[in-house]
Structures are given as C-alpha cells and as structure tokens.
Amino acid sequence: AQKITQTQPGMFVQEKEAVTLDCTYDTSDQSYGLFWYKQPSSGEMIFLIYQGSYDEQNATEGRYSLNFQKARKSANLVISASQLGDSAMYFCAMRPYNQGGKLIFGQGTELSVKP
Amino acid sequence: EAGVAQSPRYKIIEKRQSVAFWCNPISGHATLYWYQQILGQGPKLLIQFQNNGVVDDSQLPKDRFSAERLKGVDSTLKIQPAKLEDSAVYLCASSPETGPRAFFGQGTRLTVV
C-alpha cells in the first residue's frame with residue numbers, strides 16, 4: 001500500500017534557526033516523486049520542493065532542501081534560517097508514476113516559528 | 001500565468017441540500033484533480049481527469065458525489081445530498097503533460113450544518 005507518514009503533528013522553531021520536518025513513505029514502486037507543500041491558514045497549497053526517485057542529488061530550492069534517503073524511504077524537509085512567515089502546515093506527498101499521477105499526502109506537520 | 005481558479009471560496013449549507021463547486025485549471029493542463037481535505041488531515045484524492053476522461057475515481061462516494069469535466073477544461077464537483085461529514089476543504093489541482101508538479105487552487109471551504 002502507498003502511504004506517507006509524518007510523525008510530528010506540531011513543531012516549534014526559533015526564528016533564524018534551521019528545522020527538519022520528518023517524512024517517511026511506503027511504496028513498492030521504483031519510479032515516484034516526492035513533494036513538500038506548504039499550506040498557510042488561507043488554505044492554498046504552495047509547492048516547495050520536488051525529488052525524483054532516481055535523482056542522486058538532494059533537491060534544494062532556496063532555503064528549502066530535501067534530505068532524501070532512499071534505502072530508509074525518508075524524505076525530510078530542511079528549512080534553513082526560519083522566518084515568521086514560515087509558520088504554516090507542511091505536507092509531504094508522494095506521486096507513484098504508474099498510478100496516473102495522483103498525489104498521496106501525509107497528515108501534515110504544523111510549524112510555528114517563534115520570534 | 002493565471003493559476004487554478006475555484007469558486008466559491010466558502011459555502012455553508014444544511015444537510016441533505018445539494019452544492020456544486022467549480023474549477024478552472026491552468027490553460028493547457030490536461031490533468032485535473034479534485035481533493036477533499038478534512039480538518040486536521042492531508043488532502044485525499046476524490047477524482048482525477050485526463051482531458052475529459054476519468055482516470056481514477058476509486059475514492060469518490062458515487063452515491064452522493066459526481067464530477068464532470070466538459071470539453072476537457074473546466075470541471076464541476078457536485079454533492080447531493082450533503083452529509084455533515086462532507087464538511088471539508090475541496091481542492092482542485094491541475095498538472096501539465098510534462099513535469100511532475102501539480103498546481104493547486106485556493107480551495108472551497110464547505111460547512112454542512
């Protein structure tokens with residue numbers, strides 16, 4: 001069964017510090033994509049970063065990096081230099097490429113950045 | 001580039017009433033998704049269209065939910081009759097033929113009372 005697990009319902013981080021949000025996934029597929037989305041209180045899902053299962057390098061997008069450990073089936077998001085505007089829900093998602101392209105989401109982690 | 005448009009943003013209805021949501025994907029995007037996000041949970045796929053054909057509707061409660069995508073562009077999701085447990089945010093997303101990313105609209109927050 002395809003599944004995403006986010007074990008941290010809530011996280012706190014001090015402004016300007018780095019934070020890691022955990023994500024593990026379960027799939028028997030060889031070809032898939034891993035995503036992180038940010039959802040502020042306004043509700044829209046904002047794309048942050050993508051990692052393909054065959055990508056050897058960890059993905060980075062500005063202050064966001066994805067720590068991809070394929071053998072462990074983990075895809076943790078690292079946010080460096082946290083800002084107050086980073087306070088939001090964060091969702092990890094997987095897209096198995098042999099299943100039509102749908103995204104399978106985890107339960108989310110609520111990040112609160114303290115001044 | 002215009003994003004995914006959804007309307008209405010908010011809707012409050014009584015149980016057993018019907019409701020419809022509208023989505024206009026990004027121009028040229030062949031794939032359109034409807035997700036249901038219950039409070040405190042991640043989004044769950046309800047239905048996926050490729051152009052105007054259904055790719056996956058395995059988690060759509062077909063006794064009360066229906067969706068269509070006429071002419072492979074706009075889509076409408078309908079609930080009839082609504083139940084209390086349908087209270088959720090309904091997210092529409094679209095993706096192009098190439099590239100892995102899905103683009104989301106702002107969602108419609110439905111409250112059933």
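Just so we're on the same page: letters track the sequence lines, and every chain starts at 1. Heavy atoms only: backbone and side chains are in, while hydrogens, waters and symmetry mates are out. Please read all numbers here as calculations on a predicted model, not as lab measurements.
Under the 4.5 Å side-chain contact rule for hydrophobic residues, A:Val13 and A:Leu48 share a cluster. No single ILVMFWY cluster, assembled from side-chain heavy atoms under 4.5 Å apart, contains both A:Tyr90 and A:Ile46. B:Val54 and B:Phe65 end up in the same hydrophobic cluster when Ile, Leu, Val, Met, Phe, Trp and Tyr side chains are linked at under 4.5 Å. The same ILVMFWY cluster, assembled from side-chain heavy atoms under 4.5 Å apart, contains both A:Ile4 and A:Phe68. Residue B:Ile47 is grouped with residue B:Val19 when hydrophobic side chains (ILVMFWY) are merged at heavy-atom distances under 4.5 angstrom, including chains of intermediate members.
With hydrogens and angles disregarded, a donor-acceptor distance shorter than 3.5 Å links the side chain of B:Tyr35 to the backbone of A:Leu103.
Closest of all the heavy-atom pairs between A:Tyr97 and B:Pro100 is OH-CB, 3.3 Å. What you find for A:Tyr37 and B:Ala102 is that their closest heavy atoms are OH-O, 2.9 Å.
In terms of heavy-atom pairs under 4.5 Å with chain A, the best-connected choice from B:Gly107, B:Pro43, B:Gly42 is B:Pro43. Note on A:Glu44, A:Met45, A:Glu110: by heavy-atom pairs under 4.5 Å with chain B, the leading option is A:Met45.
The environment of CG in B:Leu39 is sparse: at most 12 heavy-atom neighbours from other residues, nucleotides or ligands sit within 6.0 Å. In B:Lys71, the NZ atom is not crowded: 12 or fewer heavy atoms of neighbouring residues, nucleotides or ligands sit closer than 6.0 Å. Within a 6.0 Å sphere centred on NZ of B:Lys11, other residues, nucleotides and ligands contribute 12 heavy atoms or fewer. With a 6.0 Å radius and a threshold of 12 heavy atoms from other residues, nucleotides or ligands, A:Lys3 has its NZ atom at or below the threshold.
If you measure heavy-atom distances from B:Gln37 to chain A, the contacts under 4.5 Å come from the side chain alone. Heavy atoms closer than 4.5 Å to chain B are found nowhere in A:Gln6, neither backbone nor side chain.
Scanning for side chain to side chain donor-acceptor pair (under 3.5 Å) contacts around A:Trp36 gives an empty result, with sequence neighbours left out.
You'll find the side chain of A:Phe47 stays beyond 4.5 Å of the side chain of B:Phe104, heavy atoms only.
Rounded to the nearest 0.5 Å, atoms CE (A:Met89) and CD (B:Gln41) are 10.5 Å apart. Going from atom CZ of A:Arg95 over to atom OG of B:Ser95 covers 4.5 Å, rounded to the nearest 0.5 Å. Between the CG atom in B:Asp56 and the NZ atom in A:Lys102 there is a gap of 4.5 Å [rounded to 0.5 Å].
Applying a 4.5 Å heavy-atom cutoff, the residues of residues 79-92 of chain B that approach chain A are B:Leu91.
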